[in-house]
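Structure, as structure tokens:
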Protein chains: 2
Amino acid sequence: MDRIDEQILRLLRENAQITSSDISKQVHLSVPAVSERIRKLEDTGLIRQFTVKLDREQLGLHLIAFVMVQIEKTEHIAGFRETVMQADCVLECHHIAGAYDYVLKVAVKGTADLERFISETLKQVEGVSKTNTMIVLSSMKEEM
Amino acid sequence: MDRIDEQILRLLRENAQITSSDISKQVHLSVPAVSERIRKLEDTGLIRQFTVKLDREQLGLHLIAFVMVQIEKTEHIAGFRETVMQADCVLECHHIAGAYDYVLKVAVKGTADLERFISETLKQVEGVSKTNTMIVLSSMKEEM
DNA sequence: AATGAAATGATTGCACC
DNA sequence: GGTGCAATCATTTCATT
């Protein structure tokens, strides 16, 4: 991981569709040298995935919320994790330290779907004793 | 946005490096037809960006935290937003409804950097009256 | 909108430094 | 690790349906 790898990563993050030929011009290295570096960054796992960012609004997902969850007993965690992994509306799930045990980032069409997710999916999980929802009004920064 | 576009989006999200030729085989459409559909999905803005997911651990960013922020008066919001936009460690910043005004997702090397960010950057912003930090212990799901 | 075929452009493999 | 060149593979263009 030298200066040039950092430059390549910056260019790929900005636009993963950039050609090796274009990167080659910017980093002053031959095309095979650039391809080889990208291959190695993938092999070492530093580049985890090539993906696309979609416009959630256009997908009809107008409501983002953070839902904090408290789990009563450790034996209920496996069931909770399974529910969360299967729920398409859960974008993120983090185990956290503090008053709550987990924080979820959820994307749904609107308040009706959010209510349904919280009361019919989340609260039905054994051990889920308490939740606290923060509705997102707007997002001014959202990177990976 | 029909059935085929949805299929194409699913394939691209999974691996944006997939070739149009490979997509073409899976959706049973010719290569130019697939290219044209992808071009349109970009034009309409549904595909916002082609990008790469990096491994934060390998980048030395071992600590993720959610920081909730309360802002005293609305006139201080512009300064807060500028600070947040410029801070590289802030991955996300959402305006939220509830007891706090903003929630930030922060990635840093360790607790020292987190402390520095909160006390030297965030709390120096005029109007930031109260913060509440949730340290992430592990992440079991993290999509865009 | 979709197709096939030709032209163009990018990547890969390889011999060499 | 890096380069240049040739071979391979992918994408774009365009006439046609």
Side-chain angles (χ1 to χ4, degrees), chain A residues 1-62 88 91 107 109 142-144, chain B residues 1-62 88-89 91 107-109 142-144:
Chain A
M1 259 290 283
D2 59 6
R3 184 80 191 77
I4 294 176
D5 280 340
E6 280 172 28
Q7 255 181 288
I8 292 175
L9 286 178
R10 215 168 336 106
L11 291 168
L12 285 175
R13 265 187 59 144
E14 209 171 272
N15 172 21
Q17 271 195 318
I18 191 172
T19 60
S20 293
S21 339
D22 282 339
I23 296 177
S24 145
K25 284 161 200 156
Q26 299 203 43
V27 303
H28 306 294
L29 231 58
S30 69
V31 172
V34 170
S35 303
E36 179 66 4
R37 276 167 178 266
I38 295 174
R39 198 190 56 71
K40 279 182 186 164
L41 289 167
E42 289 182 74
D43 282 354
T44 61
L46 210 151
I47 294 179
R48 285 178 53 179
Q49 200 186 4
F50 284 75
T51 190
V52 287
K53 273 194 203 173
L54 303 184
D55 187 321
R56 284 198 212 99
E57 283 292 332
Q58 283 198 48
L59 290 170
L61 300 171
H62 302 293
D88 284 341
L91 302 179
K109 286 190 204 296
E142 205 163 11
E143 297 173 5
M144 277 188 304
Chain B
M1 257 291 282
D2 59 6
R3 184 79 193 76
I4 294 177
D5 281 340
E6 281 173 27
Q7 254 181 288
I8 292 174
L9 288 178
R10 217 171 331 108
L11 291 168
L12 285 175
R13 265 186 60 142
E14 209 172 272
N15 171 23
Q17 271 194 318
I18 191 173
T19 60
S20 292
S21 337
D22 281 340
I23 296 176
S24 141
K25 285 162 200 157
Q26 298 203 44
V27 303
H28 308 291
L29 230 60
S30 70
V31 172
V34 169
S35 304
E36 179 67 5
R37 274 166 179 266
I38 295 174
R39 198 191 55 69
K40 278 182 187 166
L41 289 167
E42 288 182 75
D43 282 354
T44 60
L46 210 151
I47 293 179
R48 287 178 52 179
Q49 199 186 5
F50 283 77
T51 188
V52 288
K53 274 193 200 173
L54 303 183
D55 187 322
R56 286 199 209 100
E57 283 292 331
Q58 284 197 49
L59 290 170
L61 301 171
H62 303 293
D88 284 341
C89 67
L91 303 180
V108 289
K109 286 190 202 299
E142 205 163 13
E143 296 172 4
M144 276 187 304

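Proteins get letters first, then strands, A, B, ... in listed order; numbering begins at 1 in each.
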Of all the nucleotides listed (dT12(C), dG4(D), dT11(D)), which has the minimum atom distance to the side chain of Ser20(B)?
dT11(D)
Please tell me which of the listed nucleotides, dT3(C), dA10(C), dA10(D), lies nearest to the side chain of Pro32(B)?
dT3(C)
State which of dA10(C), dT12(C), dT12(D) makes the closest approach to the side chain of Val31(A).
dT12(C)
Leu29(A) CG to dG2(D) P, straight-line distance once rounded to whole Å
5 Å
I want to verify a distance call: between dT12(C), dA1(C), dA2(C), whose nearest atom is closest to the Ser35(A) side chain?
dT12(C)
Starting at CZ of Arg3(B) and ending at C1' of dA1(C), how long is that distance when rounded to a whole Å?
19 Å
Can you tell me the distance, in whole Å, between the CD1 atom of Ile38(A) and the P atom of dG2(D)?
12 Å
Between Ile23(B) (CD1) and dT12(D) (P), how many Å, whole number?
11 Å
Measure CZ/Arg39(B) against C1'/dT13(D) and give the value in whole Å, please.
13 Å
Expressed as a whole number of angstroms, how long is the span from Arg37(B):CZ to dT3(C):C1'?
14 Å
Integer-rounded Å distance: dG1(D) C1' and Asp5(A) CG
12 Å
Looking only at heavy atoms, which two atoms of Gln58(A) and Leu46(B) are closest? And how far apart?
NE2-N, 3.6 Å
Picking from dT11(D), dT11(C), dT3(C), which would you name as closest to the side chain of Ala33(B)?
dT3(C)
Side-chain N,O (Thr19(A)) to OP1/OP2 (dG9(C)) below 4.0 Å
no
Run Arg48(A) and Glu142(B) through salt bridge (charged side-chain N to carboxylate O under 4.0 Å, His left out) and show every step you take.
CA-CA 12 Å; Arg48(A) 285 178 53 179; Glu142(B) 205 163 13; 5.7 Å; no
With a 3.5 Å distance limit and no angle check, can you tell me whether Gln49(B) reaches the backbone of Arg13(A) through a side-chain donor-acceptor pair?
yes
Considering the options Leu11(B), Leu29(B), Asp22(B), which one meets the side chain to side chain contact (heavy atoms under 4.5 Å, CB included) requirement together with Val34(B)?
Leu29(B)
Side-chain N or O of Ser21(A) less than 4.0 angstrom from OP1 or OP2 on dT11(C)?
yes
Can you check salt bridge (charged side-chain N to carboxylate O under 4.0 Å, His left out) on Arg39(A) and Glu36(A), steps first, answer last?
CA-CA 5 Å; Arg39(A) 198 190 56 71; Glu36(A) 179 66 4; 3.0 Å; yes
Protein-nucleotide distance (Met1(A), atom CE; dG1(D), atom P), rounded to Å:
15 Å
